[in-house]
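Below you'll find the structure, written out as C-alpha cells, and then a few comments.
All of these numbers come straight from a predicted model, not from anything done at the bench. Here is how names work: the chains are called A, B, and so on, in the same order as the sequence lines, proteins then strands, and each is numbered from 1.
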Amino acid sequence: MKVEEKILQAVAEIIKEQFGQEAPAATLTLQKTRKEFEGDFSFVVFPFVKMARRSPEQTAEAIGNALLEKLPEISSFNVIKGFLNLSLDGLYWLEFLSREMNNVRFGLRDQQGGAPVVVEYSSPNTNKPLHLGHIRNNLLGYSVACILEAAGNKVHKVNLVNDRGIHICKSMLAWMCFGNGETPASSGKKGDKLVGEYYVRFETELRSQVKKMMETSGISEEEARKTAPLMLEAQELLRKWELRDEETLSIWEKMNGWVYEGFDATYKRLGVNFDKVYYESETYLLGKDLVNEGLEKGVFVRRADGSVWVNLTSEGLDEKLLLRADGTSVYMTQDLGTAQLRFDDFKAEKMIYVVGNEQNYHFDVLQKVLKKLGKPFADSVFHLSYGMVELPEGKMKSREGTVVDADDLMDEMVETARRTTEELGKTKDFNEEEKARLFYIIGLGALKYFILKVDPKKNMLFNPAESIDFNGNTGPFIQYTHARIRSILRTAGQEQVEAIQIRMPADKLNLRERNLLRTLNEFPQVVAEAAAELSPAQIANFTFELCKEFNQFYHEHSVLNEPDEQVSDFRIKLSQLTAITISNAMGLLGIEVPERM
RNA sequence: GGUUCCGUAGCUCAGUUGGAUAGAGCAACAGCCUUCUAAGCUGUGGGUCGCAGGUUCGAAUCCUGCCGGAAUCGCCA
C-alpha cells in the first residue's frame, strides 16, 4: 500500500477512536505540504473540528500524536492553523530510491489486460499539406496514446485519411488542366506541397471565372460559383470517381500517392506513427447499413424526398440529416459507419477521437445517434476536443497566406536549435552526424513541449515573429537537465547504476534531496492522472517541476566532489533515477532527450 | 438569437474531486562560472483570479446573473 493511503487509513481510525464518529471518505484529504512549510504531506483537519469539539490546532495535535505512535513511517509533525504537516522518516525515502533506482520503466505500468483503447488522430485531407493545427493534433494524439499505454492500457493508434470528395477532385482537375504532367520527381517538390498548389490553383482559376461571369451576366457570386464551368467539371469528376471511371481513378491514385509520400516524411520527422490507417474511400459507404437499421427500428425517418433524418430535439439538439435524397452519404453517415467498423475491429472499451473543438457539435450528434441505434459502444466514443492554435492576428487563414506550414516550422526550429547551440559553443567535439541529430532533438523538443504543455482544451497562441524559447519552462531546459545528469553519470563511470544498496544514513538526507525524492515518488500517480484526463500537459508540468528541483539540488550540492563516499554514492543513484524519470516522462510527450548538449 | 467552451501578473501559461500568504516562465532590474555543462542558480518589482451576488469554517475552484472573447448552429468535412 502506498504511504499516502496508509496515512489516510490511520487517520480514519484515529478519528473514530478519539471522536467517536465515522469520517466520510470524501472529507479525508491529504495533500502535498507546500514548500514554505516543513513536512511531506499535510492533512486538513477543518472538517473534523466540530466532531472533535476542540480548536483546529488542538484537533491537529491530537491526530498528529496518535499518528506518530501508529505509523513508524512518520517521524515528526507540526501544526499550523488547521493543517497537520507530517514528515516522513528519511528511511522511507531511501527505501523508495533503492526500490526504483534501477527501474528503467519507472512510472510506466505494464499492460493490465482488458479491452483496448483506440486513439484516432491526424485525419488529414489529401488536398493540402499539414500545418500548425495538424501539428497540435498529431502531437496530442501520439502523446495521449503513449500516456494511456504507460497507464497500462493496450492502445491502437489509428488514422482516418480523408482521401476522397469534391476537394480532392478540385486539385485533380487543376492538375489535369494546368499541370502539364508535373510530378514531384520532375519539379523536385514534396508531393503534398505539389498537390496543395493545384488545390490553390483551382481556387484562383475558379475565382477569376466567377468574377468574369458576374461582370458579363450580372448574376450573384453564389450563383456564379455554383454554375462556373470549373465547378461543374469538378462535380463531374466526382461522379466519375464514384462510378469507378478508370482514368479518373488512376489520376486519383497517382496524386494521392504523392501526398502520402509527403505526409509520411512529415509524420516521420514529427515522430508520430499509426498502427492502422483507414481510408475514407474504403469506408464512406459503411454508414448506410446503419441508416437502414435505424429506419427499421423506427428511430430515423424518411422524408417524402427520400432523405433520411434523425430527430434529436428531445436531446436538446436539432434534426440532423443522415442520408441525402439521392442516397449519397454525408459526413455523419460515414462516421457512424467507421465507429461501427472500429468497434468491430478492436472491441475497444474506449474510442478516442482527437479532433478540434470546432466539431464539438458533430460528435455530440454522433454519440446521440449511436445511442438511438442502441449501440453498446455509444458510450465508448470520446471526443478529445482540443483548442485552436491562433496567431496574434487570429485564426490561420489559407486565403490570407497566414497558414504556418508544418515542414517549414520544423525547419525553423531545427535551425534555431543549431544557431543557439553553436552560439553557446557546446558542440566542438561533435561530428556532423551527431550535430544534426542533436539539433533535430532540441528543435523538435522545443516545439513539442511548447505545444503539449498547454491544456489541450484551451486555445493557444503561437507568435511566428517570436521564436519559441529555449530557456525557462521549455523542452530544451528539460533536455539540458537530462544531459547534465548523464554527464555526471558518465564521469562517475556509472551509466548503469550498480545494484549496491544505499548505505548513507537516513539522517544525512538534506532538504533538496528530500524534495527531489518526494517529486520522483509522484511520477506514477501523475501518469495515472494524465491518462485519466487525457492531458499531456500534466506530464509536461510535472517534468518541469522535477527539473527545477534537480537544478536546485545540483547547484547547492556536489555529487562527485562530495567527500563522504556514502553520500556521493547516494547522490549518484538519486541522479540516475531523476534521469530515468525525465527520459520516461519526455518519452510520453514524444520528446527525445540527449546524452550531451 | 440558441448551445458549448474560455476569461488568473505587461506577455505565454500552471493551479479547479473547495483548503494555508494565488504560482511558474518570458520580458525588466540586481547578483552568482579557479568546484560535476551558466540552455543553469539566487534575489527585486509586478494581481480587484472579467464583474456582481450566493453556498461554505474556508471560493480562482461550486451555483445564479451580467460583461468580454471563441467555436458551432449546412443535403461541407
Side-chain angles (χ1 to χ4, degrees), chain A residues 26 29 31 33-37 42 44-47 49-50 56 80-83 85 123 125 162 164-167 280 303 305 307-309 316-318 320-326 328-335 355-362 364-365 385 387-388 390 392 394-395 417 420-421 423-424 426 442 446 450 453-455 457-463 466 468-481 483-492 537-538 540-541 544-545 547-548 550-562 568 571-572 575 596-597:
Chain A
T29 54
Q31 52 187 292
T33 302
R34 297 175 65 128
K35 55 175 179 280
E36 57 266 39
F37 305 107
S42 295
V44 187
V45 301
F46 289 112
V49 297
K50 234 178 224 168
I80 297 167
K81 296 196 217 167
F83 294 88
N85 302 321
S123 312
N125 292 350
N162 183 351
R164 62 164 284 281
I166 189 72
H167 47 291
E280 213 183 280
R303 289 192 181 166
D305 65 357
S307 59
V308 178
W309 294 74
L317 304 178
D318 298 319
K320 192 81 191 163
L321 178 94
L322 297 178
L323 209 58
R324 295 192 186 100
D326 63 4
T328 57
S329 49
V330 290
Y331 181 39
M332 185 58 69
T333 330
Q334 300 170 27
D335 261 11
V355 177
N357 61 15
E358 58 209 350
Q359 293 194 35
N360 286 352
Y361 183 74
H362 172 77
D364 222 9
V365 172
S385 160
M388 300 288 100
E390 284 165 0
K395 234 186 139 174
T420 310
T421 307
E423 273 167 18
L424 292 169
K426 299 245 184 177
I442 297 173
F450 177 81
K453 77 172 178 187
V454 180
D455 184 335
K457 68 170 186 279
K458 291 192 177 172
N459 286 359
M460 63 177 294
L461 186 87
F462 174 79
N463 188 347
E466 310 166 4
I468 291 172
D469 234 298
F470 281 34
N471 299 319
N473 188 359
T474 66
F477 165 75
I478 289 164
Q479 292 170 320
Y480 175 74
T481 307
R484 249 184 171 178
I485 298 174
R486 295 302 297 170
S487 170
I488 293 172
L489 298 177
R490 267 197 308 279
T491 311
Q538 298 195 13
N541 287 320
F544 176 58
E545 187 69 26
C547 287
K548 263 200 307 190
F550 183 84
N551 282 319
Q552 287 172 352
F553 158 75
Y554 177 93
H555 186 255
E556 289 176 27
H557 307 285
S558 183
V559 176
L560 299 176
N561 299 324
E562 165 60 44
S568 173
R571 289 182 184 162
I572 289 171
S575 303
R596 301 189 293 159
M597 72 184 271

Q | N-glycosidic conformation, B:C33 - syn within 90 degrees of 0, else anti | A | syn
Q. With a 6.0 Å cut-off on ring centres, are A:F553 and A:F550 close enough?
A. yes
Q: Please state the C1' separation for the pair B:G65 and B:A28 - nearest whole angstrom.
A: 41 Å
Q: Quick one: label A:M388 by what it contacts on the DNA or RNA (base, sugar-phosphate, nothing), any heavy atom closer than 4.0 Å.
A: nothing
Q.
Roughly how many Å apart are B:G58 and B:A20, using the C1' atom of each and rounding to a whole number?
A. 10 Å
Q: Side chain of A:F544 only, please: which of B:C6, B:A24, B:C36 is the nearest?
A: B:A24
Q) A:K548 side chain: which of B:G7, B:A24, B:C36 is closest? A) B:A24
Q: In whole angstrom, give me the gap between the C1' atoms of B:C41 and B:A24.
A: 15 Å
Q) Which nucleotide in the set B:A20, B:A14, B:C5 lies at the smallest distance from any side-chain heavy atom of A:R34? A) B:A20
Q) Counting just side-chain N and O atoms, does A:Y331 come under 4.0 Å of either OP1 or OP2 of B:A77? A) no
(Q) Can you tell me the base-pairing partner of B:G68? Count Watson-Crick or G-U wobble geometry only, both distances below 3.5 Å, and say none if there is no partner. (A) B:C6
Q | Distance-only donor-acceptor test, A:T474 side-chain atoms vs B:A39 base atoms, 3.5 Å | A | no
Q: Please evaluate the base of B:A39 for a donor-acceptor partner in the side chain of A:T421 within a cut-off of under 3.5 Å?
A: yes
Q.
Base, sugar-phosphate or nothing for A:Y361? Non-hydrogen atoms, less than 4.0 Å.
A. sugar-phosphate
Q: Please tell me which of the listed nucleotides, B:C6, B:A77, B:G40, lies nearest to the side chain of A:N551?
A: B:G40
Q) Over how many whole Å does the gap from A:F450 atom CZ to B:A39 atom P extend? A) 22 Å
Q: Examine distances only and state if a side-chain atom of A:N459 and a backbone atom of A:G387 form a donor-acceptor pair shorter than 3.5 Å.
A: no
(Q) When you measure from the side-chain N and O atoms of A:S487 to the phosphate of B:U37, is any distance below 4.0 Å, counting only OP1 and OP2? (A) yes
(Q) Regarding A:T328, tell me which of base, sugar-phosphate or nothing describes its non-hydrogen contacts under 4.0 Å with the strands shown. (A) nothing
Q) Quick one: is B:G25 close enough that its OP1 or OP2 comes under 4.0 Å of any side-chain N or O from A:K453? A) no
Q | Nucleotide nearest A:K457 (side chain, heavy atoms from C-beta), chosen from B:C75, B:U37, B:C5 | A | B:C5
Q. Which is true for A:K426 with a 4.0 Å heavy-atom rule: it touches a base, it touches only sugar-phosphate, or it touches nothing?
A. base
Q | Any strand: nucleotide that pairs with B:C11 via Watson-Crick or wobble, under 3.5 Å | A | B:G25
Q. Between A:W309 and A:L323, is a side-chain contact (heavy atoms from CB on, under 4.5 Å) present by the stated rule, with each step listed?
A. CA-CA 7 Å; A:W309 294 74; A:L323 209 58; over 6 Å; no
**Q.** Base-pairing assignment for B:C62 (Watson-Crick or G-U wobble, both under 3.5 Å)
**A.** B:G54
Q) OP1 or OP2 of B:G40 less than 4.0 angstrom from a side-chain nitrogen or oxygen of A:N471, does that happen here? A) yes
Q: Quick one: label A:V454 by what it contacts on the DNA or RNA (base, sugar-phosphate, nothing), any heavy atom closer than 4.0 Å.
A: sugar-phosphate
Q) Say you pick atom P in B:A22 and the same atom in B:C66; how far apart are they, in whole Å? A) 31 Å
Q: Calculate the interatomic distance between A:E358 atom CD and B:G69 atom C1'; express it in whole Å.
A: 17 Å
Q. Separation of A:F46 atom CZ from B:G18 atom C1', in whole Å?
A. 13 Å
Q: Give the rounded distance in Å between these two atoms: CG of A:N541 and C1' of B:A14.
A: 5 Å
(Q) Using a heavy-atom cut-off of 4.0 Å across all strands, would you classify A:D318 as base, sugar-phosphate, or nothing? (A) sugar-phosphate
Q: Round to the nearest Å and state the distance from A:Q552 atom CD to B:C41 atom P.
A: 7 Å
Q) Below 3.5 Å, does any donor atom in the side chain of A:D305 face an acceptor in the base of B:C75, or the other way round? A) yes
Q.
Would you say the base of B:A20 stacks on A:F83 (centre-to-centre below 5.5 Å, plane angle below 30°)?
A. yes
Q: For B:G15 versus B:G69, give the span between their C1' atoms, rounded off to a whole number of Å.
A: 22 Å
Q.
Would you say A:R324 places a side-chain N or O within less than 4.0 Å of OP1 or OP2 belonging to B:G74?
A. no
Q) Roughly how far apart, to the nearest Å, are B:C62 and B:U8 at atom P? A) 15 Å
Q | Nearest-neighbour nucleotide for the A:N162 side chain, B:A20, B:G7, B:A77 considered | A | B:A77
Q: Can you figure out which of B:A38, B:A20, B:C13 approaches the side chain of A:L461 most closely?
A: B:C13
**Q.** First encountered from the 5' end of RNA chain B, between A:T29 and A:F470
**A.** A:T29
Q.
At 4.0 Å (heavy atoms only), tell me whether A:Q359 reaches a base, stays on the sugar-phosphate, or touches nothing.
A. base
Q.
Check for me: is A:F477 stacked on B:A39 by the 5.5 Å centroid and 30° plane-angle rule?
A. no
Q. Using the C1' atom in both, what is the distance from B:G25 to B:U35, to the nearest Å?
A. 29 Å
Q) Atom CD1 of A:I478 and atom P of B:G25: how far apart are they, to the nearest Å? A) 13 Å
Q: Hey, can you tell me if A:Y331 and A:H362 have their rings parallel, tilted or perpendicular (30° and 60° cut-offs)?
A: parallel
Q) Could you give the distance from SG (A:C547) to CZ (A:F477), rounded to the nearest 0.5 Å? A) 5.5 Å
Q: Classify the nucleic acid contact of A:F37 as base, sugar-phosphate or nothing, counting any heavy atom under 4.0 Å across all strands shown.
A: base
**Q.** Non-hydrogen atoms of A:M597 and A:P476 that approach each other most closely
**A.** CE-O, 3.8 Å
Q | Gap in Å between the two P atoms, one belonging to B:G23 and one to B:U16, rounded | A | 14 Å
Q: Choose from B:C75, B:G19, B:A39 the nucleotide whose nearest atom is closest to any side-chain atom of A:I442.
A: B:A39
Q) Rounded to the nearest Å, what distance is computed from the CG atom of residue A:L424 to the C1' atom of nucleotide B:G40? A) 11 Å
**Q.** Value in whole Å for how far the C1' atom of B:G40 lies from CZ of A:F550
**A.** 11 Å
Q) Ignoring hydrogens and angles, are the base of B:A20 and the side chain of A:N85 linked by a donor-acceptor pair under 3.5 Å? A) yes
Q. Taking the side chain of A:V330 as heavy atoms from C-beta outward, which of B:C75, B:A38, B:A20 is closest to it?
A. B:C75
Q. Is A:P47 touching bases, backbone alone, or none of the nucleic acid, heavy atoms closer than 4.0 Å?
A. base
Q: Taking only the side-chain heavy atoms of A:N357 (C-beta and beyond), determine which of B:A71, B:C75, B:C26 contains the nearest atom.
A: B:A71
